[in-house]
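Beneath this line is the structure, given in structure tokens, with notes to follow.
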Amino acid sequence: MTPPITMIVTIHNGHDHWSGCLANLAAILTADDGAILVDDGSDPPFVLPAPYDQDKRFRLISPGRIGRGAALDLAINHASDGIICIQDVDDRSLPERLAHVRRILGQYPDKILLAAAKDDRKISSESLIPVPPHRLYRGNPFHHSSLAFWRDTWDTVGGYDASLPCCVDYDFYLRCLARRPDAMLFADTAMITRNRQGNRHYQNLDPSIYHQTMRQIRNRYRAVLRPPLWTRLYDLRFWRGIW
């Protein structure tokens, strides 16, 4: 059986990207797939315009401002069993993304999958690359808009940490790896395009909050994942305030 896919989009403002996001989702979703959009306190509020308000594949949840982690959990909690794909409102999925995701996660149902973006400088092959836990202690080069996993995985690890002010995706990756060190795969083939303009929400985050949160997350899983001692060198950027 072909597993259904639910696209998850959390929205906090970014009004210029709304129409493009909806058109992208409508173009890639099959009749059995769906999209759950959570308006995380946009001003003015996000609404589903015609014809999307009559499209049964789309569902909008408007809880007010709850933060991205809680918005992700809320959306996935309302998703049906199957595969979850994450997408930011200002990024786009390529037409072949869902076919790639179904094929790969159909073969590896216990993995979380990340992929390259079309505008990445180097895409060397269409191979699948295991991502060891210590790679994430060097840094996080992965696009969370390319993330896909079976809903059961989210249940098993307890969802996202909604208490974090940022870096909720990084925490989710490490939590999955803490449960299974071989949990992460990277597909070295483009599945998304990224918005790289200077109007991304977290670019305005206080750097001290980012650095403190990253230290907290890395220390949270260090005893379980046991990254090599040399990865401590990469912690210096979070103590010295270097991006």
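Hydrogens, waters and symmetry mates are skipped; everything else that's a heavy atom, side chains included, is used. Starting from 1, each residue takes its place in the sequence as its number.
- Side-chain contact between Ser80 and Thr6 is present, with at least one heavy-atom pair separated by less than 4.5 Å.
- Taking the side chain as every heavy atom from C-beta outward, Lys111 and Ile104 never approach each other to under 4.5 Å.
- Counting heavy atoms from C-beta outward, Ile61 and Asp39 have side chains that stay 4.5 Å or more apart.
- Inspection of the His100 and Arg97 side chains reveals no N or O donor paired with an N or O acceptor under 3.5 Å.
- Side-chain contacts under 4.5 Å among hydrophobic residues (ILVMFWY), followed directly or transitively, place Leu229 with no other residue at all.
- In terms of hydrophobic clustering, with Ile, Leu, Val, Met, Phe, Trp and Tyr side chains grouped at heavy-atom distances under 4.5 Å, Tyr234 and Leu136 are assigned to different clusters.
- The heavy-atom pair separating Pro3 from Ile83 by the smallest distance is CG-CD1, 3.8 Å.
- Looking only at atom types and distance, the side chain of Ser145 has a donor-acceptor partner in the side chain of Asp91 under 3.5 Å away.
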- Task: Report the C-alpha distance between Tyr210 and Cys167 in whole Å, list the side-chain angles of each, state the deciding distance to 0.1 Å, and finish with yes or no for side chain to side chain contact (heavy atoms under 4.5 Å, CB included).
- Result: CA-CA 8 Å; Tyr210 169 78; Cys167 311; 3.7 Å; yes
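- Closest approach of Ala35 to Leu25, counting heavy atoms only: CB-CD1, 4.0 Å.
- No side-chain donor-acceptor contact under 3.5 Å links Arg102 to the backbone of Thr2.
- Heavy atoms only, all atoms of each residue included: Val89 and Arg92 are closest at O-NH1, 2.8 Å.
- Atoms OG and NZ, on Ser93 and Lys118 in that order, are 13.0 Å from each other to the nearest 0.5 Å.
- Closest approach of Ala70 and Ala162 over heavy atoms only: N-CB, 3.6 Å.
- Taking the six-membered ring for Trp and thresholds of 30 and 60 degrees, Tyr173 and Phe142 have ring planes more than 60 degrees apart, a perpendicular arrangement.
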- Message: Before you tell me yes or no, could you show the steps for Trp154 and Asp73 under side chain to side chain donor-acceptor pair (under 3.5 Å), namely the whole-Å CA-CA distance, both residues' side-chain angles and the distance that decides it to 0.1 Å?
- Response: CA-CA 9 Å; Trp154 173 82; Asp73 280 340; 2.9 Å; yes
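- The pair Arg57-Asp33 does not count as a salt bridge, with every side-chain nitrogen at least 4.0 angstrom from each carboxylate oxygen.
- Ring orientation note: the planes of Trp18 and His15 are tilted relative to one another, at an angle of 30° to 60°.
- Ile209 and Pro165 get closest at one heavy-atom pair: CG2-CG, 3.6 Å.
- Residue His211 holds its NE2 atom at 8.5 Å from CZ of Arg215, rounded to the nearest 0.5 Å.
- Note on Ile28 and Tyr52: same hydrophobic cluster, where clusters join Ile, Leu, Val, Met, Phe, Trp and Tyr whose side-chain heavy atoms are under 4.5 Å apart, directly or indirectly.
- The number of heavy-atom neighbours closer than 6.0 Å to CD of Glu96, taken from other residues, nucleotides and ligands shown, is above 12.
- Taking hydrophobic clusters as Ile, Leu, Val, Met, Phe, Trp and Tyr residues chained together by side-chain heavy-atom distances below 4.5 Å, Ile129 shares a cluster with Leu177.
- In terms of modelled atom types and a separation under 3.5 Å, the side chain of Asp88 and the main chain of Asp90 share no donor-acceptor contact.
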- Are Leu114 and Leu185 close enough, and set up right, to give a side chain to side chain contact (heavy atoms under 4.5 Å, CB included), and what steps lead you there? CA-CA 6 Å; Leu114 291 125; Leu185 288 176; over 6 Å; no
- Task: Evaluate the criterion side chain to side chain contact (heavy atoms under 4.5 Å, CB included) for residue pair Val101 and Ile5; output intermediate values, then yes/no.
- Result: CA-CA 9 Å; Val101 166; Ile5 290 179; 4.1 Å; yes
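- Taking 4.5 Å as the limit, every side-chain heavy atom of Met184 sits out of range of all side-chain heavy atoms of Leu113.
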- Message: Please evaluate residues His134 and Trp230 with respect to the criterion side chain to side chain contact (heavy atoms under 4.5 Å, CB included), reporting the C-alpha separation (whole Å), side-chain torsions for both, the decisive distance (0.1 Å), and the verdict.
- Response: CA-CA 10 Å; His134 69 77; Trp230 56 262; 4.3 Å; yes
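- Contact record, Trp150 with Leu105: NE1-O, 3.0 Å, taken as the closest heavy-atom pair.
- Under a hydrophobic-cluster definition in which Ile, Leu, Val, Met, Phe, Trp and Tyr are linked whenever side-chain heavy atoms come within less than 4.5 Å, directly or via other members, Ile66 and Ile76 are assigned to the same cluster.
- Counted by atom type alone, Thr30 and Asp32 present zero donor-acceptor pairs between their side chains at under 3.5 Å.
- Atom-to-atom distance recorded for Phe238:CZ and Asn219:CG is 11.0 Å, nearest 0.5 angstrom.
- For Phe172 and Phe149, the distance between ring centers is under 6.0 angstrom.
- Atoms CG and CG, from Asp53 and Leu60 in turn, are 10.5 Å apart once rounded to the nearest 0.5 Å.
- In this structure, Ile8 and Cys85 have side chains that are not in contact, with every pair of non-hydrogen atoms separated by 4.5 Å or more.
- Residue Arg179 qualifies as enclosed at atom CZ: its count of foreign heavy atoms under 6.0 Å is above 12.
- When only modelled atom types and interatomic distance are considered, Tyr137 and Asp235 share no side-chain donor-acceptor pair under 3.5 Å.
- Hydrophobic clustering (ILVMFWY, side-chain heavy atoms < 4.5 Å, transitive): Leu98 and Tyr108 are in one cluster.
- Between Arg220 and Asp171 there is a side-chain heavy-atom pair separated by less than 4.5 Å.
- Interatomic distance, CG of Leu37 versus CD of Gln87, reported as 9.5 Å (0.5 Å rounding).
- Looking at His12 and Arg68, their side chains never bring a donor and an acceptor atom within 3.5 Å of each other.
- Under the 4.5 Å side-chain criterion, counting only non-hydrogen atoms from C-beta, Met7 is not in contact with Ile36.
- Looking only at atom types and distance, the side chain of Tyr160 has no donor-acceptor partner in the side chain of Arg175 under 3.5 Å away.
- Taking CG of Asp110 as the start and CG of Asp182 as the end, the distance is 6.5 Å to the nearest 0.5 Å.
- Within the 4.5 Å cutoff, the side chain of Gln216 has no heavy atoms near those of the Gln212 side chain.
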